[in-house]
Trainee: 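Supplied in structure tokens, the structure appears directly below.
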Amino acid sequence: SIVNFANCITKHNFSNQGGGLFMSEGQPNIENCHFESNRATEKGGAVFIFFYTCSTKNSVFILNQAQEGGAFFNSLGSAATFQLCKILGNKATDGGGGGLYNSSESNIQVLNSLITGNFSTKSGAAIRNNNTATIIGCTISGNNCLDGLGGISNYGEKELIVKNTIIYGNSTGVSPIGNYQFCIIEGVNLYEPSVYVENPGFVNAPSYIYAPFTNGNYHLNNCWPANNNGTTTDISELITEFDLDRNARILDGQIDIGVY
């Protein structure tokens with residue numbers, strides 16, 4: 001069955017899994033919701049999904065905490081999609097996925113979302129992928145991992161597609177195994193001509209050492225290399241109509257790298 005959650009605020013809840021929301025039956029659609037300061041002793045500080053499809057749009061996950069999947073744990077056999085979301089200052093206290101955790105046999109899509117200031121003790125402070133992940137038009141910055149990758153951890157060299165995305169200013173970068181195109185990525189030579197290593201020029205990006213944090217301004221001072229250097233090839237169906245500022249995502253046939 002389909003379960004709709006719209007215009008909800010979920011704060012200061014506690015559970016062993018899914019501090020704010022636990023779904024093991026049904027298809028949850030989450031839209032215009034705010035998950036803040038929820039906690040799970042095990043997995044999914046804000047949300048835990050098991051064996052179902054979950055669509056999350058225009059929602060905020062802030063200061064949630066669990067052992068793994070500080071904001072969201074996508075469990076066995078599930079498929080989760082995030083569109084135009086903010087995932088800020090969440091924490092994994094004894095594992096990976098300070099922001100998002102995608103477990104084995106699960107799929108995740110993260111589209112035009114901001115993932116900043118998250119913290120984990122193990123690899124993948126922003127995103128931990130254990131199966132199949134597609135990340136399009138996102139900005140990932142200021143995420144801090146004590147032991148492993150601060151940006152994206154692609155555990156076991158699974159299927160990972162990253163396009164039109166900025167991954168910069170994290171404690172460490174990304175797993176080198178993955179399909180990265182038309183991105184700005186710090187600290188990893190991927191030998192891909194469409195991947196830039198230059199500083200994108202955020203207006204105000206706090207250092208990862210302060211994670212978890214929720215502040216920062218990830219608009220860009222510089223036009224290059226983000227401006228008009230993205231792609232729509234093979235991913236047109238995954239590109240949102242608007243960016244995070246509600247401006248047109250594609251303008252005059254061109255698209256920028258990053259969330260704005």
Side-chain angles (χ1 to χ4, degrees), residues 61 70-71 82 84-91 96-100 110-120 123-129 133-154 160-231 235 243-245 249 255-260:
F61 297 81
F82 296 83
L84 299 165
C85 292
K86 295 181 180 180
I87 300 162
L88 316 176
N90 302 283
K91 186 175 182 179
L100 306 176
V110 189
L111 313 176
N112 218 109
S113 294
L114 180 66
I115 307 175
T116 62
N118 300 286
F119 174 89
S120 68
S123 201
I127 299 173
R128 168 69 173 250
N129 176 47
T134 302
I135 300 162
I136 308 293
C138 294
T139 294
I140 298 171
S141 182
N143 301 285
N144 187 13
C145 177
L146 291 185
D147 182 18
L149 295 166
I152 303 171
S153 173
N154 189 27
L160 174 65
I161 298 172
V162 184
K163 295 185 178 183
N164 299 352
T165 292
I166 299 173
I167 306 170
Y168 208 95
N170 304 286
S171 58
T172 47
V174 298
S175 298
I177 304 300
N179 179 5
Y180 301 92
Q181 294 182 342
F182 302 92
C183 294
I184 301 173
I185 301 177
E186 180 183 22
V188 179
N189 190 344
L190 300 171
Y191 303 100
E192 164 55 53
S194 68
V195 173
Y196 301 89
V197 298
E198 289 81 3
N199 191 324
F202 296 126
V203 171
N204 175 29
S207 171
Y208 65 82
I209 66 173
Y210 300 111
F213 60 79
T214 62
N215 60 316
N217 183 344
Y218 295 91
H219 294 83
L220 304 180
N221 282 313
N222 303 327
C223 291
W224 192 90
N227 192 42
N228 295 336
N229 273 328
T231 184
I235 56 169
D243 68 13
L244 208 56
D245 276 342
R249 181 77 272 197
I255 187 169
D256 296 340
I257 298 173
V259 75
Y260 295 112

Trainee: Got K86 and T214 here, is their nearest side-chain heavy-atom distance under 4.5 Å?
Mentor: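 No, their side chains stay 4.5 Å or more apart.
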
Trainee: With E198, which residues qualify under side chain to side chain donor-acceptor pair (under 3.5 Å), at least two apart?
Mentor: none

Trainee: Of all the heavy-atom pairs spanning C145 and G124, show the shortest one and how long it is.
Mentor: SG-N, 4.3 Å

Trainee: After noting the C-alpha distance and the side-chain angles of N144 and Y210, does the key distance pass the side chain to side chain contact (heavy atoms under 4.5 Å, CB included) rule?
Mentor: CA-CA 8 Å; N144 187 13; Y210 300 111; over 6 Å; no

Trainee: Mind checking side-chain contact (heavy atoms from CB on, under 4.5 Å) for N227 and listing every partner two or more places apart, or none if nothing turns up?
Mentor: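 If we apply the side-chain contact (heavy atoms from CB on, under 4.5 Å) test to N227, skipping adjacent residues, the hits are C223, D256.
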
Trainee: Of the non-hydrogen atoms in G151 and A126, which two are nearest, and what is the gap between them?
Mentor: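 Looks like O-CB, 3.1 Å.
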
Trainee: Output all residues satisfying side-chain contact (heavy atoms from CB on, under 4.5 Å) with D147, sequence neighbours left out; order by chain, then residue number.
Mentor: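 With sequence neighbours excluded, D147 shows a side-chain contact (heavy atoms from CB on, under 4.5 Å) to no residue whatsoever.
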
Trainee: Considering non-hydrogen atoms only, spot the tightest contact between G97 and S120 and give its length.
Mentor: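 It is N-CB, 4.4 Å.
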
Trainee: Taking all atoms of both residues into account, what is the closest heavy-atom pair of A71 and I87, and its distance?
Mentor: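 Scanning both residues completely, I find the closest heavy atoms to be CB-CG2, 4.1 Å.
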
Trainee: Name all residues meeting the side chain to side chain donor-acceptor pair (under 3.5 Å) criterion together with S207; count only those two or more places apart in sequence or in a different chain, and write none if there are none.
Mentor: none

Trainee: Determine all donor-acceptor pairs shorter than 3.5 Å in which one atom belongs to a side chain in residues 177-188; sequence neighbours excluded.
Mentor:
| unit_1 | atom_1 | unit_2 | atom_2 | d |
| --- | --- | --- | --- | --- |
| Y180 | OH | S175 | O | 2.5 |
| Q181 | OE1 | K163 | NZ | 3.4 |
| E186 | OE1 | G169 | N | 2.8 |

Trainee: Only counting residues at least two apart or in another chain, list the ones meeting side-chain contact (heavy atoms from CB on, under 4.5 Å) with N221.
Mentor: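 Counting only residues at least two positions away or on another chain, N221 forms a side-chain contact (heavy atoms from CB on, under 4.5 Å) with V203.
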
Trainee: Can you tell me how far CG of N154 sits from OG of S123, rounded to the nearest 0.5 angstrom?
Mentor: 10.0 Å

Trainee: Using a 3.5 Å distance criterion without hydrogens, assess whether the side chain of T172 forms a donor-acceptor pair with backbone atoms of G150.
Mentor: yes

Trainee: Under a 3.5 Å distance rule, please check whether N222 uses its side chain to pair with a backbone N or O of W224 as donor and acceptor.
Mentor: no

Trainee: Excluding sequence neighbours, so at least two apart, what forms ring-ring contact (aromatic ring centres under 6.0 Å, His included) with Y218?
Mentor: F202

Trainee: Donor-acceptor pair, distance only, cut-off 3.5 Å: does the side chain of N164 make one with the backbone of I255?
Mentor: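 A pair under 3.5 Å: no.
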
Trainee: Using distance only, find each side-chain donor-acceptor pair of residues 134-143 under 3.5 Å and give its atom names and separation, not counting sequence neighbours.
Mentor:
| unit_1 | atom_1 | unit_2 | atom_2 | d |
| --- | --- | --- | --- | --- |
| T139 | OG1 | V259 | N | 3.0 |
| S141 | OG | Y168 | O | 2.6 |
| N143 | OD1 | G117 | N | 3.4 |
| N143 | OD1 | N118 | N | 2.9 |
| N143 | OD1 | N118 | ND2 | 3.0 |
| N143 | ND2 | I115 | O | 3.1 |
| N143 | ND2 | S141 | O | 3.2 |
| N143 | ND2 | N170 | OD1 | 2.9 |

Trainee: I need the minimum non-hydrogen distance between I235 and T231, along with the two atoms involved.
Mentor: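 Distance-wise, the nearest heavy atoms are CD1-O, 3.5 Å.
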
Trainee: Once side-chain contact (heavy atoms from CB on, under 4.5 Å) is applied, do any residues pair with C85, and if so which ones, sequence neighbours excluded?
Mentor: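 For C85 the side-chain contact (heavy atoms from CB on, under 4.5 Å) partners, ignoring immediate neighbours, are T56, S59, F82, S113.
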
Trainee: Can you measure from CD1 (I127) to CD1 (I167) and round to the nearest 0.5 angstrom?
Mentor: 7.5 Å

Trainee: Taking ring-ring contact (aromatic ring centres under 6.0 Å, His included) as the definition, give me every residue that meets it alongside Y260, ordered by chain and number, with sequence neighbours left out.
Mentor: H219

Trainee: Determine the minimum heavy-atom distance between N112 and L244, stating which atoms define it.
Mentor: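 Of all heavy-atom pairs spanning N112 and L244, the closest is ND2-N, 3.4 Å.
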
